[in-house]
Amino acid sequence: MKRTRIIALMTMVMACVGVAKAEDKIEGTVGADVVTRYIWRGQELGDAAIQPTAGLAYKGLSLTAWGSFGFINKDDAKEFDLTLEYATGGFSVGVTDYYFSVRGAENKYLDYRAHSTPHVWEAYVGYDFGVAAVKWFTNFAGADGVNKSGKRAYSSYAEVSAPFKLAKCDWTATVGIVPYYTSFYADVNGFAVTNVALRCTKELPLCKKFALPVFGEVSCNPSTQKAYLVAGFTIEL
């Protein structure tokens, strides 16, 4: 993996923006979630955290930066991710560059050497059918896990989520699996259901022109036999 991949990624986005006509609308987003615990795909990655996001979107193409920074436990990993996605209709495809900075390690952001980089590159494809959405994710480069033979596992994760409304709230039910053994996902010895979650979101009116989205999520990881309760809120600008 080389830093030229980052340059190519940015060049692609800038080229798409450059050909946009003056009347075309480029949308920008910025916001943050504040959560009581950082749970990702059934794994606990940290205590309470702030998770900012910022992005640009032009038609179906978007570039998004996302991070997670713990403010309770100083030893929690700091995360900074970049995602390039193209979506049309219900179909989406994208690439994410995950970067983790761990306390006590070198964690050089521009280190893209195969055996020392802190980055993980993941590709994904998905389709939203309306009543449910399906996505498949696979690591293809960087600090991936290994299989039982000690070789790159191309670690994968698949997820089905279904939104619905109940009691004046927005709900999302999610089931996620790891299809085969990889050291990238803890305590997975083969095919495993690692994430079963139910999230409830509701807007809390603070004044006539502003409401704060608050959410709660109950999740469990049948593979590790652990369960989590997370609460948080979203700030959108």
Side-chain angles (χ1 to χ4, degrees), residues 29-55 62 64-81 83 85 87 90 92 94 96 98 100 122 124 126 128-137 157-178 185-188 192-237:
T29 59
V30 61
D33 287 342
V34 178
V35 295
T36 56
R37 186 179 291 183
Y38 179 17
I39 306 298
W40 181 72
R41 299 180 183 176
Q43 298 183 99
E44 184 175 6
L45 300 188
D47 289 324
I50 183 169
Q51 299 176 334
T53 184
S62 64
T64 304
W66 183 93
S68 184
F69 308 95
F71 55 82
I72 297 295
N73 188 346
K74 63 182 180 181
D75 292 323
D76 282 348
K78 306 298 188 293
E79 184 174 347
F80 173 44
D81 307 334
T83 297
E85 179 183 86
S92 62
T96 298
Y98 295 97
F100 301 92
E122 177 186 77
Y124 65 89
D128 188 345
F129 296 92
V131 295
V134 180
K135 275 190 175 181
W136 180 282
F137 307 82
Y157 173 82
E159 186 174 271
V160 178
S161 60
F164 61 96
K165 292 182 178 294
L166 180 65
K168 299 181 180 181
C169 295
D170 295 318
W171 299 76
T172 303
T174 301
V175 176
I177 65 164
V178 174
Y185 293 101
D187 301 314
V188 171
V193 178
T194 61
N195 184 26
V196 179
L198 183 63
R199 172 175 288 212
C200 176
T201 303
K202 188 172 183 176
E203 291 194 342
L204 176 66
L206 298 181
C207 62
K208 290 183 178 180
K209 295 185 178 180
F210 181 75
L212 184 70
V214 296
F215 57 85
E217 181 175 283
V218 177
S219 66
C220 70
N221 184 333
S223 177
T224 60
Q225 299 186 30
K226 293 183 179 180
Y228 308 99
L229 176 61
V230 177
F233 60 88
T234 301
I235 301 172
E236 297 175 332
L237 303 178

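Keep in mind that what you see is a predicted model, and the values were worked out from it rather than measured. Note that the numbering runs from 1 along the sequence shown for the chain.
- In this structure, T53 has no side chain to side chain donor-acceptor pair (under 3.5 Å) partners at least two apart in sequence or on a different chain.
- Between the OG atom of S68 and the CD1 atom of I50 there is a distance of 9.5 Å, given to the nearest 0.5 Å.
- Taken to the nearest 0.5 Å, the CH2 atom of W66 stands 9.0 Å off from the OH atom of Y98.
- Looking at heavy atoms from C-beta onward, S161 lies out of side-chain contact with K135 at the 4.5 angstrom threshold.
- Looking only at distances, no side-chain donor or acceptor of W40 sits under 3.5 Å from a matching main-chain atom of L45.
- A side-chain donor from one of E85 and Y124 sits under 3.5 Å from a side-chain acceptor of the other.
- One finds the SG atom of C220 at 11.5 Å from the CD1 atom of I39 (value rounded to the nearest 0.5 Å).
- Under the 3.5 Å distance criterion, the side-chain polar atoms of S223 are matched with a main-chain donor or acceptor of D187.
- Here the shortest heavy-atom pairing between G130 and P163 reads O-CG, 4.0 Å.
- For T96, the side chain to side chain donor-acceptor pair (under 3.5 Å) test picks out T83, with sequence neighbours left out.
- For the salt bridge (charged side-chain N to carboxylate O under 4.0 Å, His left out) test, no residue two or more places apart in sequence or in another chain qualifies with E159.
- Interatomic distance, SG of C200 versus CZ of F215, reported as 11.0 Å (0.5 Å rounding).
- Checked by atom type, the side-chain pair Q43/Y185 shows no donor-acceptor distance below 3.5 Å.
- Note that CG of L204 and CZ of F210 are 9.5 Å apart. Values are rounded to the nearest 0.5 Å.
- A 4.5 Å side-chain heavy-atom check between N195 and Y157 finds at least one atom pair inside the cut-off.
- In terms of heavy atoms, K78 sits closest to K74 at NZ-O, 3.9 Å.
- At least one side-chain heavy atom of V196 sits less than 4.5 Å from a side-chain heavy atom of P222.
- Of all non-hydrogen atoms in G46 and R37, the two that sit nearest each other are O-CG, 3.4 Å.
- A donor-acceptor contact closer than 3.5 angstrom is absent between the side chains of T194 and N221.
- By the side-chain contact (heavy atoms from CB on, under 4.5 Å) test, N73 is found to be paired with D47, D75, D76, residues two or more places apart in sequence or in another chain being considered.
- Applying the salt bridge (charged side-chain N to carboxylate O under 4.0 Å, His left out) criterion to D170, with sequence neighbours excluded, gives K165.
- Residues that satisfy the salt bridge (charged side-chain N to carboxylate O under 4.0 Å, His left out) test with E217, not counting sequence neighbours, are R199.
- Using modelled atom types, one finds a donor on one side chain and an acceptor on the other under 3.5 Å when comparing Y38 with E79.
- With values rounded to the nearest 0.5 angstrom, F164 atom CZ is found 7.5 Å from T172 atom OG1.
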